Every structure is written in C-alpha cells, then in structure tokens.
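Everything below concerns the one structure shown next.
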Amino acid sequence: MAAVEKRRQAVPPPAGFTDSGRQSVSRAAGAAESEEDFLRQVGVTEMLRAALLKVLEARPEEPIAFLAHYFENMGLRSPVNGGAGEPPGQLLLQQQRLGRALWHLRLAHHSQRAAFNNNVSVAYECLSAGGRRKRPGLDGRTYSELLRRICRDGQAPEEVVAPLLRKVQCRDHEAVPLSVFRAGTLTCFVLLEFVARAGALFQLLEDPAAAVADRRVGQAVLDTLEGALQASDAAAPARFLEAGSRLGPDSLALALDRAVGGRRPSAPMTREEFLERAAALFIAKVKPVG
Amino acid sequence: MSRVLVPCHVKGSVALQVGDVRTSQGRPGVLVIDVTFPSVAPFELQEITFKNYYTAFLSIRVRQYTSAHTPAKWVTCLRDYCLMPDPHSEEGAQEYVSLFKYQSPSVTFPKWLSHPVPCEQPALLREGLPDPSRVSSEVQQMWALTEMIRASHTSARIGRFDVSNRFLLLGLLCPEQIRPDGLLYFRWMAVMT
C-alpha cells in the first residue's frame with residue numbers, strides 16, 4: 001500500500017507585472033513566504049518544536065535514535081490513510097496505546113522527578129483517551145498489563161517482580177486514577193533499578209569461577225540491609241544517620257568478617273535467590289493499592 | 001574478684017588553647033589531665049572514680065602497650081561523656097563519678113551512637129571477602145531507593161468494595177492530590193564512612 005503523497009501547488013507568481021526585474025524579486029519573495037507558510041500550515045514547525053523540546057527534556061544519550069523513535073510514534077498517532085485498508089482493530093489499537101505509553105514513560109529517569117511526572121501524565125492521557133469503541137478512562141486490566149510490560153522489558157526475573165505486581169496491580173474492571181497510576185509506574189521503575197543494583201552487588205559477592213556466592217556473606221549483607229530498613233521510631237534525619245552508620249564500609253566489613261569467622265560454609269547462594277530475597281526487602285516497604 | 005586500687009600518678013592539668021597561654025585573656029575550655037601508671041605489671045582497668053569540679057564533658061584516651069614490637073597507640077575509650085547536663089547550672093558540677101569498664105549507655109543516646117570507638121583496631125580483612133567500600137556503596141543505593149518508595153505512598157483510594165474487609169465498607173473514589181515528594185532522591189556514594 002503506497003502512501004499517497006499530497007503535493008501542493010507552488011504559489012503562482014503574481015501576474016500583471018511588466019517590469020521583469022521586479023517580477024523576479026517578487027517571485028523569490030513569494031516563494032520564500034510560501035515555504036514558511038507551507039511548513040506552518042502542515043504543522044511541521046509545531047511538530048519540530050515539540051520534538052526538540054522533548055529532546056531537551058529527556059537528554060538522551062543517542063539523540064538521533066531518540067528522534068527516530070519519536071517520529072515513528074508520531075506516525076502511529078495519525079490516522080491510517082483511509083481507503084487502502086480497514087482501520088486497525090481494537091486489539092491493535094490497544095497494543096499501540098500501550099507501546100506509546102511505555103515509550104513516554106521511558107523518556108525520563110525516575111530520578112528526574114518533574115520530567116518523569118510530566119511523562120506519566122502524558123502516558124495516562126494516552127491510555128485513558130476514549131476511542132470509537134472505548135470509554136474514556138484507564139481500566140485495571142490495561143494498567144496491570146502495562147506494569148507487567150514495564151517489568152518484563154526491564155529484564156527483571158519474573159519471580160522477583162511477581163510479589164510487587166500482586167501488591168500494586170488493580171482488578172480488571174476497576175478505574176485507575178492518575179495518582180495510583182503514577183505511584184504504580186514509579187514503583188516499578190524504582191524496583192527495576194533496585195534489582196539492577198542488587199545484581200551488581202551480587203557480582204561483588206560472587207565467586208567468579210562458580211557464579212555463586214558464599215551464603216554466609218550474602219546473608220550478612222541482606223541482614224545488614226534489612227536491619228537498616230527497620231523502621232525505627234526516630235524522626236527522619238536520625239533514622240538516616242543510623243542507617244548510614246550501619247551501611248558504612250567499616251561496619252559492613254565487621255559484619256562480613258563476623259559472618260565468615262563464626263560459621264562453617266554452607267550451601268552457596270545463587271544469583272536468583274539473592275535477587276529474590278533482596279527484592280522482597282524492597283517490596284515489603286511498598287504500600288499495597290486499595 | 002576483688003577490686004584493687006592501682007597506683008597512679010596524676011599530673012597537673014594542662015590547658016589546650018590556641019595561641020599564647022600567658023598573653024591571651026579568656027580562660028581555656030579544654031583541660032587535659034595525664035594519668036600514668038608507674039607499676040610495670042599489666043592490669044585490667046575496671047573502674048575510674050573521681051570527683052567532678054565543673055567539668056561538663058569528659059573524654060578518656062588510653063595508650064596501651066600491647067607488645068614490644070608494635071608501637072603504643074592512643075585509643076579513645078570515652079568521648080564527650082556528659083557530666084553536667086547543663087554546663088551553666090549546678091547539676092553534676094561537684095558530683096562523684098564512677099566510670100566502669102562496661103558502662104551502660106545513657107538512655108537519651110540512641111544505641112548506635114553510644115558505641116565508644118572500639119579499642120582494637122579493625123582487623124585486617126580476610127582473604128576472599130569482597131571490597132567493603134564497593135559493597136557499602138551498592139547497599140546504600142539500594143537502601144535509598146527503598147526509603148524513597150516507602151516515603152512516597154499515595155493516599156488515593158481505588159474505590160474497591162471488598163466484602164471480606166470488614167472495615168473498608170465504602171471506598172469513595174476521591175482524587176486526592178498526591179502528596180508532593182518531600183524526599184529528594186539522593187545518591188549516596190560512600191558518604192557514610
């Protein structure tokens with residue numbers, strides 16, 4: 001199906017000029033005006049401006065690839081040229097919406113909070129938009145599907161994220177408000193980063209030849225983290241200082257030393273088990289939806 | 001086990017002061033008292049008793065001679081121990097004080113803070129253990145991420161009608177504004193040492 005190219009007529013030079021010199025000048029001026037007008041009328045100026053603003057906001061490492069994806073998504077948004085085929089079915093539209101929402105959500109890292117929140121709002125609007133056969137609003141099933149996709153694309157193992165999804169997913173028929181949407185997506189992205197850090201940590205602990213870690217060492221590290229996360233009654237600053245003193249290198253070194261010195265070596269700890277147990281510490285602090 | 005007084009020689013107090021002691025006007029805030037133990041036989045110090053005279057905070061440093069080969073090192077056993085809750089009041093100003101070897105920490109200090117600096121130097125890391133500073137860096141980031149999520153909960157309700165939940169009978173869908181995130185996302189790279 002070839003895309004039909006619309007070609008516009010160039011603005012004809014104004015007739016009735018007897019002076020040839022003036023005619024050429026006015027033709028050039030007319031052509032210049034018409035180009036600017038043309039760009040503005042088709043919306044390219046506005047579109048490019050929006051694209052450049054997005055690049056500035058996201059500051060991607062590969063701007064050209066970023067722009068390519070951006071325009072690809074733009075193409076999805078405009079209606080398919082009629083006449084060449086049927087309009088896409090409901091399922092395809094749904095997938096497209098999900099894809100677009102995911103793309104928006106990945107534009108900014110969650111630590112760039114303002115940009116991230118903006119993108120969350122855009123993604124929410126994209127998913128909530130009403131369609132020909134769709135009521136406006138975000139339903140629980142789409143929301144849950146989105147969260148699953150975020151976690152899957154972030155390469156976190158299924159067993160690791162399953163408990164989180166159970167906590168934050170919504171039931172199929174429920175209407176999901178923006179605040180819940182924002183909290184849920186943020187939590188997923190933060191968990192992905194947490195799991196990545198846990199993976200890096202495991203690499204520090206593991207025996208490179210065996211790809212497993214000494215259970216005493218892994219347990220000691222997890223216990224230290226768990227201890228630091230225990231909600232103490234102290235107010236915020238004191239709690240952070242206390243955690244910092246527990247998680248500092250000296251205190252960790254002591255903990256590791258004690259763990260290895262005291263006990264005999266036992267069954268090694270695999271990466272999967274370590275990630276699962278670490279993620280459980282995180283997920284325990286997540287407030288379930290409801 | 002009986003307690004035996006250890007003969008000691010208490011030297012006069014020396015003021016710690018910036019600048020010339022004779023010419024500068026103000027009275028010094030920090031005084032150092034040297035206590036030496038002339039007897040050669042090794043002993044284990046259990047208790048120090050003294051009468052205070054308007055000292056607010058006390059630190060005790062000990063220099064231990066462990067063996068002939070290792071040079072003697074100064075070790076802090078007590079740091080800024082409070083003798084007078086309010087230095088401008090009389091409370092504690094002329095009290096008799098006993099410091100025991102295993103002093104229980106005062107109630108106001110949080111447990112982790114009242115640990116005196118351990119008298120032994122941290123042991124050399126065993127072979128095969130991971131680098132503690134790198135482990136610490138990763139664990140601190142994981143902690144920070146978890147704290148951030150713990151702090152940023154939403155109070156909006158989804159409007160669920162759960163028959164099983166006796167208390168949540170009516171959950172109205174009120175679009176409350178999410179609480180603005182007061183907790184900044186911060187990356188702590190080995191700040192805590």
Side-chain angles (χ1 to χ4, degrees), chain A residues 110-111 113 140 170-171 174-180 182-184 186-187 190-191 193-194 197-198 200-201 204-205 207 214 217 221 224-225 228-229 231-232 234 236 238-254 256-257 260-261 278 281-282 284-287 289-290, chain B residues 110-113 115 118 122-162 165 168 171 173-188 190-193:
Chain A
H110 65 82
S111 61
R113 193 51 67 88
C170 291
R171 305 201 185 131
E174 285 177 320
V176 181
L178 174 60
S179 49
V180 172
R182 187 189 297 135
L186 175 68
T187 307
V190 175
L191 175 64
E193 177 159 0
F194 182 91
R197 295 264 68 80
L201 176 58
L204 291 174
L205 304 180
D207 171 13
D214 186 330
V217 170
V221 172
T224 312
L225 179 58
L229 286 171
S232 50
R239 197 171 77 227
F240 299 156
L241 288 173
E242 177 174 354
S245 95
R246 273 198 223 232
L247 300 176
D250 291 339
S251 139
L252 263 173
L254 264 176
L256 292 174
D257 207 56
V260 173
L281 295 178
F282 176 93
K285 303 298 175 204
V286 171
K287 198 161 184 248
V289 79
Chain B
K111 197 161 56 163
W112 60 274
L113 197 53
H115 269 265
L124 270 175
L125 208 54
R126 277 171 217 260
E127 282 302 311
L129 279 185
D131 178 7
S133 39
R134 292 177 69 190
V135 171
S136 166
S137 160
E138 295 294 344
V139 175
Q140 282 182 42
Q141 289 186 57
M142 289 163 70
W143 175 86
L145 290 170
T146 313
E147 276 292 326
M148 181 177 71
I149 277 302
R150 196 222 294 251
S152 70
H153 61 271
T154 172
S155 48
R157 303 222 154 270
I158 190 97
R160 210 171 264 178
F161 292 80
D162 264 339
N165 196 341
L168 187 66
L173 217 141
C174 29
E176 289 174 48
Q177 261 187 338
I178 208 174
R179 197 181 55 156
D181 288 329
L183 190 69
L184 291 169
Y185 179 85
F186 37 73
R187 293 178 179 273
W188 295 9
V191 166
M192 303 294 174
T193 48

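Worth saying up front: this structure is predicted, and the values here are computed from it rather than measured. Below, chain A is the first sequence line, B the second, and so on; all start at residue 1.
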| request: Would you please test A/Val260 and B/Leu129 for side chain to side chain contact (heavy atoms under 4.5 Å, CB included) and show each step? | output: CA-CA 9 Å; A/Val260 173; B/Leu129 279 185; 3.5 Å; yes
Quick check for you: to the nearest 0.5 Å, what is the distance between [X] atom [atom1] and [Y] atom [atom2]?
{"X": "A/His110", "Y": "B/Ser152", "atom1": "NE2", "atom2": "OG", "value": "10.5 Å"}
{"X": "B/Asp131", "Y": "A/Leu252", "atom1": "CG", "atom2": "CG", "value": "10.5 Å"}
{"X": "A/Leu247", "Y": "B/Ser137", "atom1": "CG", "atom2": "OG", "value": "11.0 Å"}
{"X": "B/Gln140", "Y": "A/Phe240", "atom1": "CD", "atom2": "CZ", "value": "13.0 Å"}

Can you tell if the side chain of [X] reaches within under 4.5 Å of the side chain of [Y], non-hydrogen atoms only?
{"X": "A/Leu281", "Y": "B/Thr146", "answer": "no"}
{"X": "B/Ile149", "Y": "A/Lys287", "answer": "no"}
{"X": "A/Val221", "Y": "B/Val135", "answer": "yes"}

Minimum heavy-atom distance [X]-[Y], with the two atoms named:
{"X": "B/Pro132", "Y": "A/Pro249", "result": "CB-O, 3.6 Å"}
{"X": "A/Ala228", "Y": "B/Trp143", "result": "O-NE1, 3.4 Å"}
{"X": "B/Pro130", "Y": "A/Leu204", "result": "CB-O, 3.4 Å"}

| field | Which residues share a side chain to side chain contact (heavy atoms under 4.5 Å, CB included) with A/Ala200, sequence neighbours left out | value | A/Arg197, B/Glu138
| At a heavy-atom separation under 4.5 Å, does A/Ala284 approach chain B through its side chain, its backbone, both, or neither? |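 No part of A/Ala284 comes within 4.5 Å of chain B.
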| message | Using side chain to side chain contact (heavy atoms under 4.5 Å, CB included), reason through A/Leu229 and B/Glu147 one step at a time and then give a plain yes or no. | response | CA-CA 8 Å; A/Leu229 286 171; B/Glu147 276 292 326; 4.3 Å; yes
